[in-house]
Structure formats: structure tokens, C-alpha cells
Amino acid sequence: MGIASRFKEEKFLVAALAVAVIAYLLEHAVIGMGRGVALIAAVALVGTIVLASIRVAHHAELLAVKVGDPYGTMILTLSAVAVEVIILAIMMGGESSPTLVRDTIYSALMLDINGILGLAALLGGLKHGEQPYNDNSGKTYGVMILTAMGISMIVPEFVPSDKWHYYSAFTIVAMIALYGLFLRMQVGQHSYFFSYSYPRSERKKESPDEHGPDESAAISIATILVGVVIIGLLAEFMAAFMTEGLRDSGAPIAVTAVVVAAISAAPEILTALRAALRNRMQATVNIAMGASLSTVILTVPVMEAIALYTGQPFIMAMTPVQTVMVTITLIAAAINLNDGETNAIEGMTHFILFATFVMLTALGL
């Protein structure tokens with residue numbers, strides 16, 4: 001593929017880079033025009049980031065197809081988490097809420113498990129009935145998410161404020177240890193936990209051209225890296241515009257966190273829904289649950305390290321409402337992902353929990 005064709009293929013990333021340059025040149029002028037203009041600019045940048053994220057996810061999906069599960073979905077979730085961590089790190093450097101990290105991780109969990117998995121299981125169940133997957137994956141993801149959330153976002157409520165840095169350092173070590181062992185399991189001796197062998201007749205239904213023209217892994221990796229850099233640039237200006245646009249507006253503080261979580265989850269939603277509608281529920285479970293686990297277990301140590309470096313702690317302990325919602329979600333997931341098959345009823349239960357999360361956010365809770 002020639003250079004001109006490559007630029008045409010990556011028109012979204014090229015457009016995103018152009019928008020970043022324009023934002024750099026007009027940043028002070030836009031902020032000087034008032035909150036309304038700044039908010040419109042922030043919304044435009046959010047849309048641009050989502051388009052760039054979709055291209056990043058596309059190339060991550062190409063790599064995923066080449067290497068297969070569980071490596072494939074791991075690449076997808078890691079690329080999404082990388083985008084989220086970059087946006088959070090940039091936004092925490094400005095005038096952001098000390099609860100932004102906590103609220104973003106909580107929002108991501110609600111979006112991934114209740115939103116993505118719930119909607120995918122609902123639509124897939126209505127189309128295919130019961131959809132099989134490897135129940136070992138659901139159980140493993142569930143207990144890992146529960147442990148990581150408990151250590152990083154429930155226990156901190158009981159840690160004295162003058163000892164936060166000790167527990168912060170412990171949290172970093174604990175998350176790295178958990179993820180290190182999990183990664184070894186996922187790509188090593190227990191990799192079969194995260195894959196499912198579909199009947200041969202089902203595999204034939206896959207179209208070889210489904211993911212577009214064959215591209216080398218090097219091109220996909222390079223495009224992912226370039227895309228992440230562009231997203232980081234856009235996120236810096238989005239943070240400035242959103243902070244100015246929401247200043248003294250009375251909007252719930254959690255709105256920014258929901259936006260950050262939604263940006264990183266947008267490409268995953270499309271991939272998970274496509275997998276469910278093709279009766280590939282294993283990929284959907286890996287994406288939704290894997291994204292939730294990766295968000296907690298990778299975002300927490302990075303952000304805690306930033307807190308230790310700056311000497312400014314974040315508020316990581318969840319509110320009572322958040323704790324209740326996470327508890328209900330993980331209990332429902334433990335029950336629903338226990339038998340190796342999903343159906344529309346199970347999907348509906350999670351989707352109603354997602355609707356509840358949206359309602360509570362709108363109420364400022």
C-alpha cells in the first residue's frame with residue numbers, strides 16, 4: 001500500500017492530528033470566548049478522540065486476529081486502558097477533581113460489565129438464544145476484579161490520612177503482583193481458561209475479509225503508537241476546554257469521569273457487540289471483563305505512582321452508593337457468568353444496572 005493510500009486509509013488519524021494542531025493554535029482564543037464555546041470545543045474534541053480511538057482499536061483488532069485468543073483480546077483491552085491512563089494523567093495535571101481517578105475507574109467498571117457485557121448478552125441472546133463461552137474466564141476475571149477493587153477502592157476508606165503514602169506504595173506492589181500472575185496465567189499454562197473451541201461449522205461462518213486487507217503487524221503496532229500519541233495531545237486540550245466549560249455550571253462532578261471512561265470504552269463497545277451478534281460470546285466476555293480488570297489493575301498503580309511523585313494523594317475510597325453498585329454488579333456477574341452460557345435475561349439484568357448507574361450519575365450521586 002502506497003503512502004497516499006495509507007493516508008487515505010488512516011484519514012481519521014490524519015484529521016485528529018489536524019484538529020490537535022488547530023486546538024494548539026486557538027486554545028487561548030477559545031477559552032477567552034466563554035464557557036459555551038469552550039464546552040462546544042470540548043465536545044468536538046471528545047468526538048475526535050473517539051474516532052482516533054476507533055482506528056487504534058481497529059489495528060489492535062487486526063493484531064488480535066493474527067494472534068488469536070487470549071492474546072487478541074488482551075491487546076484490545078490494553079490499548080483501551082493505555083488511552084484511558086494517558087487521558088487521566090493529563091487531566092490530573094490540571095484543575096481536576098481529586099476524585100477523578102476513582103470516579104473514572106468506577107464508571108469504566110459500570111460501562112464495561114453492565115453496559116458492554118449487558119447490551120451484548122441482551123442483543124446476542126435475542127438473536128441466538130443461549131450463547132456459550134468458557135466459564136473459567138468469567139470466574140477468574142470476577143475474583144480478580146473483586147480483589148483489585150477491594151484493595152484499591154474500598155480498603156482506603158479505613159487508612160489514616162497521614163499514612164496514605166505507605167498504603168499507596170503497597171497498592172502499587174499489590175496491583176503489579178496480581179497482574180503479573182494473571183498475565184502469566186492468561187498467556188501461559190492456563191490460557192485455555194480464556195478461549196472457547198467453537199464447532200467447525202461455526203468457524204466456517206467467519207469471513208476471511210472481515211477485518212479488511214491483510215496488514216503487517218509492524219504497521220499496526222506503529223499506527224497504534226501514533227494514534228495513542230495523537231489522543232494524548234487531544235486529551236490535553238479537551239481537559240482545558242472541559243474544565244473551563246463546566247466551571248460553575250452546576251454539572252455533576254462525575255460527568256468528566258464518565259466522559260473519560262466512555263472515550264476508552266467506545267471502540268470496545270463496537271468490537272464486543274459484533275462478537276456477540278456473531279455468536280462469539282467468549283470474545284465479548286474477554287473484552288468486557290478484561291477491560292474492567294485492566295482498568296483497575298493497571299490504572300491504579302500508574303496514578304498512585306503519580307500521587308507519590310507529586311505528594312498529592314487522590315481520593316480513591318468509593319462512596320457508599322458506588323460501593324453498593326459495584327457489589328451488586330460483581331454479585332450479578334458471579335451468578336450470571338457461572339454456567340458457561342449467557343442469555344437475554346442475564347444481559348437485561350446487567351443493562352438495567354447500567355441504566356441505574358446513568359440515573360445515579362445524573363442525580364449527582
Side-chain angles (χ1 to χ4, degrees), residues 57 60-61 63-85 105 108-109 112-113 116-117 120-121 131-155 170-198 217 221 224 264-265 268 271-272 275-276 280-305 326 329-342:
E61 194 171 352
L63 288 175
V65 171
K66 292 179 185 297
V67 299
D69 279 328
Y71 305 94
T73 48
M74 183 176 67
I75 292 172
L76 286 170
T77 55
L78 287 178
S79 64
V81 171
V83 170
E84 184 173 87
V85 169
I105 294 174
L109 190 75
D112 291 331
I113 299 180
I116 296 178
L117 182 59
Q131 296 184 280
Y133 65 94
N134 189 336
D135 61 332
N136 284 316
S137 58
K139 295 173 184 176
T140 304
Y141 280 128
V143 71
M144 290 288 289
I145 293 170
L146 176 61
T147 302
M149 289 291 288
I151 290 172
S152 62
M153 299 180 67
I154 295 178
V155 174
F170 165 77
T171 303
I172 294 173
V173 175
M175 294 297 106
I176 293 175
L178 277 173
Y179 192 67
L181 180 59
F182 175 78
L183 200 61
R184 180 177 177 180
M185 286 182 57
Q186 192 177 27
V187 301
Q189 58 187 354
H190 291 93
S191 61
Y192 64 90
F193 277 17
F194 309 94
S195 61
Y196 184 84
S197 180
Y198 293 97
I221 292 172
I224 290 172
S264 63
E268 294 172 337
T271 305
R280 295 294 185 269
M281 186 51 65
Q282 183 61 56
T284 301
V285 170
N286 284 354
I287 290 170
M289 299 296 284
S292 297
L293 177 60
S294 298
T295 296
V296 183
I297 217 165
L298 295 178
T299 304
V300 167
V302 173
M303 301 313 295
E304 291 287 5
V326 167
T329 295
L330 292 180
I331 291 175
I335 295 172
N336 290 336
L337 298 179
N338 190 51
D339 59 356
E341 289 182 328
T342 62

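Since the structure is predicted, the reported quantities are computational estimates derived from the model, not experimental observations.
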First locate atom [atom1] of [X], then atom [atom2] of [Y], and finally report the distance between them rounded to the nearest 0.5 Å.
X    : Y    : atom1 : atom2 : answer
I145 : L178 : CD1   : CG    : 12.0 Å
I113 : N336 : CD1   : CG    : 11.0 Å
S294 : M144 : OG    : CE    : 9.5 Å
L298 : I176 : CG    : CD1   : 9.5 Å
M281 : N286 : CE    : CG    : 11.5 Å

Heavy-atom side-chain proximity of [X] to [Y] below 4.5 angstrom:
X    : Y    : answer
T171 : V155 : no
I151 : F170 : yes
F182 : T140 : yes
Q282 : N134 : yes

Yes or no on side chain to side chain contact (heavy atoms under 4.5 Å, CB included) for L337 and K139, after CA distance, side-chain angles and deciding distance?
CA-CA 7 Å; L337 298 179; K139 295 173 184 176; over 6 Å; no
Over all heavy atoms of both residues, which pair between [X] and [Y] is shortest? Give the atoms and the distance, please.
X    : Y    : value
Y141 : L293 : CD2-CD2, 4.0 Å
N338 : Y133 : N-OH, 3.8 Å
A120 : A272 : CB-O, 4.1 Å
V296 : M175 : O-SD, 4.4 Å

Residues in ring-ring contact (aromatic ring centres under 6.0 Å, His included) with Y179, at least two apart?
none
Partners meeting side-chain contact (heavy atoms from CB on, under 4.5 Å) with T295 (sequence neighbours left out):
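Applying side-chain contact (heavy atoms from CB on, under 4.5 Å) to T295 gives V81, E84, I105, A108, D112, T299.
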Partners of D339 by salt bridge (Lys or Arg N to Asp or Glu O under 4.0 Å), sequence neighbours excluded?
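Residues passing salt bridge (Lys or Arg N to Asp or Glu O under 4.0 Å) with D339: none at all.
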